[in-house]
Structures are given as C-alpha cells and as structure tokens.
Amino acid sequence: MAAETAGGAGLVLRGVTGGYGRSTVLHGVDIEVRPGQKVAILGPNGAGKTTMLRAVSGLVDVRSGEILLGGEPLTGLRPDQVVARGVAHVPQGRRVFPDFTVVENLRAAAYTRGGRDVDDDIARVLDAFPRLGERSGIRAGFLSGGEQQMLAIGRAVVQRPRIVLIDEMSLGLAPILIKELYGRFESLFADTPAVIVEQNPSVALEHCSYVYVLSNGEVKASGPAAEFTSHERLMQAYAGAVD
Amino acid sequence: MSAPADGRARPVWARIPGRDVLLALLAIIVVFGISGVLTGYQAYVVTVVVIFTIIGASHTVLFGAAGQPSVGHAALLGAGVYATIAVSRITSFGMEGELVAGIVVGALIGVVIGLPSLRIGSLYLAIATLALCIVAQQIYFEWTGLTGGGGGTQVPPPTLFGTAYTPLGLLYIALVVMGVAMLFARNLLRGRQGRAWNAVRTSPLAASSLGMSLGWQKVGAFGVSGAMVGCAGVLYAHTVNYVSPQDFSLELSIVTLVIAIIGGQRYLWGAALGAIFVEGLPEMLRTTGEFRYVIYGVVFVVIMIFFPGGFAGGIVALWRRFGPGRKRLAPAEIELAPTATIVEAELAQSTARGSRPEAPTVSGDGGIGLSIRDVRVAFGGVTAVDGVSAEIVPGSVVGLVGPNGAGKTTLLNAVSGFVGLAGGEIAVGDTVLRPRRPAQRRALGVGRTFQNLSLHEGLTVMDHLMIGQHAVAGYGSVSQVLRLPPFVRGERRMRADAIETAEMLGLADLLDERVENLAYGVQKRVDVARAVVARPRLLLLDEPAAGLTPDEGDDLVGRVLVHSRHVGATVVLVEHNIELVMRVTDRVVALNFGRVIADDVPDVVRRQDDFVEAYLGG
Amino acid sequence: MSAFLQAIVNGLMTGGVYALLALSIALIFKTMDAVNFATASMGAFCAFLFFQVGTILNLGWAAGLAVAVVGAVLLGWAVERGIVRPLGSGDLFRLVLATMGLDIVLNNATQIFFGSGVQNINAPLPSGGVAVAGLNIDLTRLVILGVAVAGAIVLGVVLRYTNLGVGMRAYAQDPQAATLMGVPARTVSRWTWIISSLLGLIAAIMVASVSVLSVGFLQGTFISAFTAAVLGGLSSLPGAVAGGFILGVLEALSIAYAPRAVTIALPVLIILVVLLIRPAGLFGRLSASRA
C-alpha cells in the first residue's frame, strides 16, 4: 500500500441508507471525518452506530448514498477490498481469533500489506501493551476482555490504516481500564483519523474533537465535542433522539 | 404445510373445508381409473412411484417440518421389508399383519435413531444416521436366516385377509395405503404438532421458550417418519418380490432424500412430484440410459442452488404471484392503529401509577411474582451477572435498565433458562426454576420476547400466534390425527384468541402474511404477540422498542402493557429507552457491571447520582 | 506378540491413507462447516485421469500426474465456483446435500468416461517386502505411508507459514473478523476446495495402487476416513491425522483378533460412540473463545 502522509485519509458518508435484509437501519446518514481528526459517534442502543461502521467496511448493503475515503468511493466494495484501501475496523466484541496466540493474531492482521516490517509493528504493539507482551504466546481465547480489546487495537496498528473505525471500545470494561485503553489508542494512532463509536459519552468526549449523535438511523445532532460536555446538552441531544 | 389462517377474501374453492384431501382423493380415483388399462409392468412402475412418494413424504415430516435430514432411511425401509418377510413366514397373516408389523418396527427403529437428538445437534445426528444406515445394511447381510445374506430372499406373494393379489391389485392396495399415510401426515402437520416441528426448525430458541423440548420433538418426528417408511417397506417387499441387503444402501437413502428435496420438502404432494421425476419418468421414457443418474445429480444440484423449495415450492411461489385471489401486499408499512387513543389513556394512567411511591396495586388477577436471589452468571472468566437480587411482586411492571454490557439480557436469559447459574436461585411464584430447562418456564406461565426477533421464517403471522399457544392447546396428537372434538375445540379457541391478540396489537389485517415480508416494526409486534397470546402470567420483554421509531416503540409497549393488565400479568421490561421505562413502570432496577446499582420507583432512581453516571458513562 | 506388532505396523500403513483423506474432509468442514460427500468421487475421478493417461494412453507417469493434478485443481475450483459460491453461506445442509448430488454426478460421469470395468493397476511404486526385526514390511505400503505423511506435513507448512494459510486458519475461526483483517472470503473458499481436491487425488492414487481401479473404489476408504475425521473432531486437522492412524491400527487389530462382523462394523461403531460420548472428538477441544 502507498505510504500515507501524516493525517491519513478523510472519510465522507453522504446520504447513506442501508440495512440488513428487509430492515432499513440507516436513513440518509451524513458524516464527515477530516484527516487527522477523531470523531465520536454517540447515541442510544439500536441507533445504527454499529451498522454505520459496518456499512463503511462493506459488511452492510448500502442502498443509496456514497462513502468516500480520501475522495475515492468505497461503496460497493467487498470488505477485504475496503481493508486494502486502508480502513481498519475494530469490531464490537473484539472478535480476536480465539485459537491463535497473541502474536499469531497480530500477524494475521498483516494479511493485506504483506510480510515487510510486520515484526517491527508487532514489537510496537507489545511495547504499548506490556500485558500483551507478557502473554504473547497465549491463545487469545484465554485472555481477559480488556486484554482482548488491547489485542484488537493492536491488530489495527499492524494493519497500518489510513483511518480506524472502532466500535464500543469500552464495552463491559472497568473505568480504569477504559482510561488506559483510550490513552494507548491515542498515542498509537496520533495522526490517524478515527471514528469512535461509543455508548459511554463522557469517555468519548474526552478523546474526540467532533461529535455526531445518531438515533434511529439518522444524525440528530453534531458539533465540536466541547458543545456536548454538559450532561444537560447531551441529555437534550439524547432526549431529542428518544422522544 | 403452511396452515391457512382465517379465510377472508379467498376464492370459493379455497373455502371448501379439507379441499386438499378432496383433491388428493380425486387424484387417487383418477389413477385408479387409469390403472384398469395398465400393463403389468406399468402397474409395477406406478406402484414404485407410490412407494417412494410415501418415503419422500416421510422426509417431508422429518426434514421439511422438523428440519432433520436423515440418510438412514434405507435402513428403515429394510426394517419394513424384513418385518414383512418375518410376518409372512412365522404367522398366517397377510398384508394386514405385515402392515401393522412394518409400521411398529419402523416407528420403533425411527425413535431409536432419533434418541441421540436429546444429546447432539442436527448435523451430528445426520452423521449418526449415515453410520446407522451402514450398520443396518451389515446386519441385514449377516442375518442370513431372515434375509438370505448376499444371495437375497424371495418374498411370498401378497395376500390381504386371505385373498391373493395381482400386481394391479397390489397397486390398488398401495394407493389406499398411500392415501391413509398422507392423510395421517397431513393431519399431523396441520395443527399443534406440525407447528411445533416448524417452530423447532425455524427458531429453536423461541420454540424452547414456548415450552417445546427440542430433542423430543425430533424423536417424535423420527418415529412418525419411521412408521411411514415401515409401511412403505411392506409394499416394497411385495412389489419387487425378491430382496437382497444390497438394496438397502446409503445410495438408496440419499435417493429418497433427493426425491423429497427435488419435489419440495415443505409439501407432502411435493414428494409425489419427486417420486414421479426420479422413479417414474426414467422408467416410462426408458431412453436416458446411463446418463439417467448424471441427469438426476445435475437437476438436484441445480435445484439446491436456484430453487431450494423444489418443484412444489416453485409451483406455490408461482401460484402466489400469478394465481387468482391474492392481492399482493408490499412489505407492510404499518400505521398507528386507531386504538392508539386508548393506549395513550393507559399510558397516562401508568405514568400516574409509576410516580406513586407505595407498592403498586394489583389489577386484573395479578400475575405471578419473580424472585431473583443472589444470582451469578459467568462465561469463561467473565462474570456477567454478579450477585443480583430483586423481588418482583405480582402484577407490577418493572423496568430493568443499565448500559450495554451491564448484564440485563444475561439476567433475562438466566430467568428463561438459556444460561446456567454460577450461584443463587430464581423462583417464579413458589417454584424454584431449574437452570437450563427453558421448556419448564412456559408451563409456569412465563413468556418472553427476543431482542433479535427469533421469528419463524416462512410462517405466517397467524402461525406465530398459534405456535405461541403450543403449551395451552389442550389436545394431544391422537386427537389431532383423528380430528377429534378436543382438536376442533382447541383450534377454534386458539384461533379466536389469536385474532383477539392480533387486534390488540394491530396485526389483524396481516394474519396471512409471512413474517419475512413484514417491516421490522411489524415483525417486532409479531414477536410480542407470540409471547402474549397464551396469556403468560409473567412476561419478559427484551428491548421491545429497540430499532423502532419512538412513536412505534411507545405504541408497542403501551399495547403490551394494556394487554398484560387485561390478562393479569407481571411484566419485566428490559429497555434502553430510559424515558419510556420511567414513564410506564412501577419500579426500576438498574444494573451496571452485573450488579444492582439502583432499585426503586422511577422518580427516585432517575435522581440517583450513580444511576445518572452509569447511564451517561462514568 | 509379533502378530500384535505386525497388526500395528499394518494398521499404521493403512492409517496413512485414512489420514490423508480425513484431512481432505476436515479441511472443508473446518472452513465451510459442511461435510463434502463427494470427497471420494472427486478423488476417484482424478485418479482415473492419472492411471488412464499414465498407462492406457501410455504417456508415462509424469504426464499422468500432471494431467491429474491439473484435473484436481480444476475440479476443486469448479465445485467452489459452480456450487459452493452460488449456494451462499445461509443453510449449511444445502451445501451438504448438494455434495451428495455432486457425488451421484461424478460417480456416473466416471463410469461414462472410463467404463465400469475393474482394472488392476501396475503402480510405479516399489514392490516386494523387507523383513525388519521379524516384521514383514510391504514396500508399496511403506511408500504410501511416506507419501501420506509428506502430504500432511506439506499441508501443515502451507497453513502455518504462508500468508494464504494464515488467512485460511483465521477465516475458519471467525469469517467476519478475518474479512476485516483483509482476508478475501472467496480466495479462502477457492483454495480450500482446491487443496481438499488435491489431497483426495493423492489418497485415491495411493488406494488404487494397492487395490483396483473401478467406479466407486474409494467409497469404503471414504467411510473410514470420515470416521477418522469424526474421531479427530471433524474440524481439527491434527485430529484427523491422529484419527486416521488410530482407526488404521484398530482395524488391523480387529482383523487379527476379532470376529469379521466387528471389523466390518468398526467404523460405524466408532462414529456412534464418539458422537454420543464426545461429539467434539478425541482431539477436538472446545474453542478457547469466551461465550
């Protein structure tokens, strides 16, 4: 893959409508992520946040609208082609390969970019997450939830993406661990743009510069993160979402 | 299968009761008439088609309805054949005795083959049937006294009550036997038993929460299937005259399955089409020679890829599209039905109730209480529910809330019996629930809905409402097969209840629609309708409003609560829409990290700091 | 005692072929969650190509092998492209049933192309026997064992050390996560069928070398190999190899010591016992994943 300039590639969703089978989950979603920017997608359960990420990755049929990465269309590509264009998607529930060791999991992430420098990247991940380093030979299925999340992030590092999509990083994890993970995530992807889907708004707000609130498959509010830091404003956005 | 729902807006012929039976009778009479001019050989070919129709139909029951493929049917056919030979050698009975023996032996062996399904899944069971087929063939080879071993043995000529029959006479007998077998299968498939098989096939999760035992349903289907093949075996023995263990090979098993699938495994009459195509046509054309099996194989593979419904499925699809009397509905877009005003009134009342600080008053006859005592659930090393206790009084509406991953659905699954407990106990009323026995819950009056809509694909809304009443049908399989008064009464009552519930939930116009054609919001209602139609005394709702627009969500939850109060049920509502929960519940239990962080009336909980923190993220 | 050891040695030599064909079955099951009932007829068809080109057309074994390998690759590719992919990933029974249809087609196509006669094969393998420590070792079978072991090792190396192999193993554990790592589902599926077809070809050539070449000649071996795969847990490749050898030895022992009926029914008894007592197989471990 071509070496990317610092800042990665911007992502644009324009009027994206799509869903599974007969159900339509996304109704004309417009989102823009600029190079280098961290964007949070907030919203209640069932709002379509995960579906939106899956649409970008080619896992959901997009019926209308378009998705552009660095100005080039992703719409209609197969998931592996989207990965080859430079999108790393850390799915909900981590989805590490349970029978692979930590290192094998990281190596599998280099499928598209080939073998060069993979060992450097793996070392970088194991450095960033010392707990993974200690367990590098252990099968991933035996890791704790937090360690699996570290590994899932580590796989994204090895992919050397132009943009990262990460789904519910904090799901089911203790607050202290969430803090640590977000810190590492920021340093590992300092210049790479990221779309961070979260159910836990205060954490996401701390680490993102821009926010979209999604509900019922539509963008209900958006703006700089600073505008959403008060509980009232957020509640209002959510309530606008739920009522 | 696919039982018709109520018969509104259908052509005249469709309203004739038992029209399929009449049609089948007509077909049999026509064959009878034609049979008079058949040569002996032609009569033989038709008889073979009839026999394989029965065997194909046995797959309709086992695979088409209950979803269990079997490649052991050659063994069952052999059992019927050798039972025939044994009866004719040992006793003085003719086919009257042989048929009884064939049916009994077939059913028994079928049950034995099916028994492993109490322990293993359908794929492994299919493998086990393969193994059994091979074992049985070896047994037939070795049991030379009965079977003649590799050399085979002669079958005595057919007699019935002392009269000997020619090949043509045998064809008449075979037609009668087929008619009875098909009627038996049809009666089983239309009604409680057939619905249960279809439910188990299409959604094991929902089926078990409705009180069906997945394993025993399959064992039963194996027994029925075995009985049908056993009686086909009697006819087979007399038709071919000379049988050898070579006949009962794995290939024969596969051919019978191929017949059912090419014909269309969801329809009994599809078996006849399959049998005509595989066994009849080549004999009549007699031109295809050695390419015959290649053609079968290719047709079979093409059908698997492009027409999974087989001939019958294709014909039904064409009929649905082009036939008379069908107005085609677009994927139904539901409107808020006129009862919305009633619901609003009820919701207003609920709000008033919810803000009352004292324990909720009991309306209707109250429902049944739920006690959760120090319950723990662990997956691997992760403790998803960590010592939760809650006392839910009869007749109350309790909200269960918390962020994603807090353990709400896991707790609900523990109450439903889908996951085991690592500690504590759960009681409904005075009965302590046994973990991992979902079917036990329904008997105690527990109903539930599913977050991810475990609907039964291919079945209509009416089917779902009838499946929901599986545990309260009030009749058994004997009544059903013979269409005795308990069956007729039970069906009539269930149908009435189904229509009433459908009206309550705004589904009355969609009863004949298959659920996969419905919009998501409507599917959600069907899921709820299936849970409430049998009037549960404790109703567990798993995110009923998720994926709906706010109006739809309010409407659905409102309707369910009206219904529950109407029938007297306790309600546990798991829901992310906090505003909705606060509005309609008497009490709110909030979870985070598998523990209870708040448990009080909504107005108190909503002001509690750690609740707000958890909800918005700490 | 020496009869016992002889039975073990014979069993190991038969077991190699079972292991190879069991690998072919397990590889498909691991990736596709389906049993390929056409395993035997696919291998047999290609073995016919090998022997027909090699002996009857008199083009030499190398030409025969080349034709057979190309045939096996094309057949694996065609099955994936023509049957597996159009069927999609919805209902796994449909794929299993479709392979039964394919089995019918291939068996009869073999008969139409190559005739229904039984041919004795003069295989290009060393013959004769050597005595080692009082045991009689058949050279042909020894070579077959060697080929089988080599085949299993090559497969292991491909799966462990090539990019494609790692992708295939990842895909088998979690198709969607593998896709998100950039592993193309189609490539995995295509190569799974091609490799499985090649394994079937090798097993078929080996079996024909020590028996005869006729339509359906591999069916018996298929039942044994299938048993071996079930014994190993169906989706475990090392399990399939171990299962093959264990079954080979058990069969040889029962030939030596047990009544004929036991030997005939052995595979089936093993399948039933394993399914009822330990459906995950002797070596199948439950996946390490958390619920």
Side-chain angles (χ1 to χ4, degrees), chain B residues 63 67-69 71 115-116 118-128 130-139 141-142 249-251 253-255 257-258 260-262 265 289-306 308 377-382 384 410 419, chain C residues 29 33-35 37-38 41 79 82-88 90-112 116 216 219-220 223 226-227 229-230 234 259-261 264-265 267-277 279-280 288-291:
Chain B
F63 181 49
Q68 176 62 58
V71 284
L115 276 177
L118 300 178
R119 268 185 68 90
I120 58 181
S122 24
L123 176 69
Y124 288 114
L125 187 58
I127 293 171
L130 178 150
L132 277 156
C133 188
I134 298 166
V135 168
Q137 195 182 12
Q138 291 305 330
I139 293 174
F141 268 116
E142 301 291 320
S249 60
L250 182 60
E251 284 70 30
S253 283
I254 293 176
V255 165
L257 192 55
V258 164
I261 292 168
I262 287 185
Q265 78 268 17
E290 58 186 351
F291 287 96
R292 167 180 169 183
Y293 287 101
V294 176
I295 292 169
Y296 287 172
V298 170
V299 168
F300 179 65
V301 173
V302 166
I303 281 185
M304 286 313 298
I305 295 173
F306 297 106
V377 181
F379 301 112
V382 178
T410 305
V419 298
Chain C
F29 190 87
D33 281 336
V35 177
F37 276 91
S41 50
V79 169
I83 298 177
V84 180
R85 205 188 295 174
L87 272 174
D91 181 355
L92 67 100
F93 281 132
R94 281 173 63 205
L95 178 53
V96 177
L97 295 169
T99 66
M100 289 181 184
L102 177 66
D103 188 60
I104 296 174
V105 173
L106 280 177
N107 266 328
N108 290 283
T110 308
Q111 184 165 341
I112 292 166
S116 54
Q219 293 294 345
I223 299 291
F226 182 64
T227 309
V230 169
L234 261 180
R260 202 173 76 88
I264 293 170
V268 170
L269 293 177
I270 290 177
I271 289 183
L272 291 180
V273 169
V274 169
L275 286 181
L276 288 179
I277 294 173
S289 66
R290 290 157 191 279

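Quick caveat, the model's predicted, so the values are computed rather than measured. Each chain gets a letter, A, B and so on, in the order its sequence line appears, and its residues count up from 1.
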Participant: Using a cut-off of under 4.5 Å on heavy-atom pairs, state which of C/Leu269, C/Leu276, C/Thr227, C/Ile271 scores highest against chain B.
Facilitator: C/Leu276

Participant: Tell me, for B/Leu130 versus chain C, whether the close heavy atoms (under 4.5 Å) come from the side chain, the backbone, both or neither.
Facilitator: side chain

Participant: List the steps, then state whether side-chain contact (heavy atoms from CB on, under 4.5 Å) holds for C/Phe93 with B/Leu123.
Facilitator: CA-CA 8 Å; C/Phe93 281 132; B/Leu123 176 69; 4.1 Å; yes

Participant: Contact part of B/Leu125 toward chain C, heavy-atom cut-off under 4.5 Å: side chain, backbone, both or neither?
Facilitator: neither

Participant: Given heavy-atom pairs under 4.5 angstrom as the criterion, report whether the side chain, backbone, both or neither of B/Phe141 touches chain C.
Facilitator: neither

Participant: Give the intermediate values and the outcome of side-chain contact (heavy atoms from CB on, under 4.5 Å) for residues B/Val71 and C/Met100.
Facilitator: CA-CA 10 Å; B/Val71 284; C/Met100 289 181 184; 3.4 Å; yes

Participant: Side chain, backbone, both or neither: which part of B/Val135 has an atom under 4.5 Å from a heavy atom of chain C?
Facilitator: both

Participant: Under 4.5 Å heavy-atom distance to chain C, tell me which part of B/Pro69 shows up: side chain, backbone, both or neither.
Facilitator: side chain

Participant: What part of C/Ile270 is in contact with chain B, defined as an atom under 4.5 angstrom from a non-hydrogen atom: side chain, backbone, both or neither?
Facilitator: neither

Participant: Under the side chain to side chain contact (heavy atoms under 4.5 Å, CB included) rule, collect the residues that match up with B/Val419, sequence neighbours excluded.
Facilitator: B/Val377, B/Phe379, B/Asn413, B/Ala414

Participant: Quick check on side-chain contact (heavy atoms from CB on, under 4.5 Å): which of C/Leu87, C/Val84, C/Leu95 does B/Ile305 satisfy it with?
Facilitator: C/Leu87

Participant: What do the steps show when you test B/Phe63 against C/Leu97 for side-chain contact (heavy atoms from CB on, under 4.5 Å), and what is the final call?
Facilitator: CA-CA 12 Å; B/Phe63 181 49; C/Leu97 295 169; 3.8 Å; yes

Participant: Within this structure, what is the CG-CE distance for the pair C/Leu102 and B/Met304, rounded to the nearest 0.5 Å?
Facilitator: 12.5 Å

Participant: Measure across B/Leu132 and C/Val268 and return the closest heavy-atom pair with its distance rounded to 0.1 Å.
Facilitator: N-CG1, 4.5 Å

Participant: Any side-chain heavy atom of C/Leu234 sitting closer than 4.5 Å to one from B/Ile127?
Facilitator: yes

Participant: Counting only non-hydrogen atoms closer than 4.5 Å, does B/Ile139 touch chain C with its backbone (N, CA, C, O), its side chain (CB onward), both, or neither?
Facilitator: neither

Participant: Quick one: closest heavy-atom pair of C/Arg260 and B/Glu142, and the distance?
Facilitator: NH2-OE2, 3.0 Å

Participant: Taking all heavy atoms of B/Ala131 and all of C/Leu272, pick out the closest pair and write down the distance.
Facilitator: CB-CD2, 4.1 Å

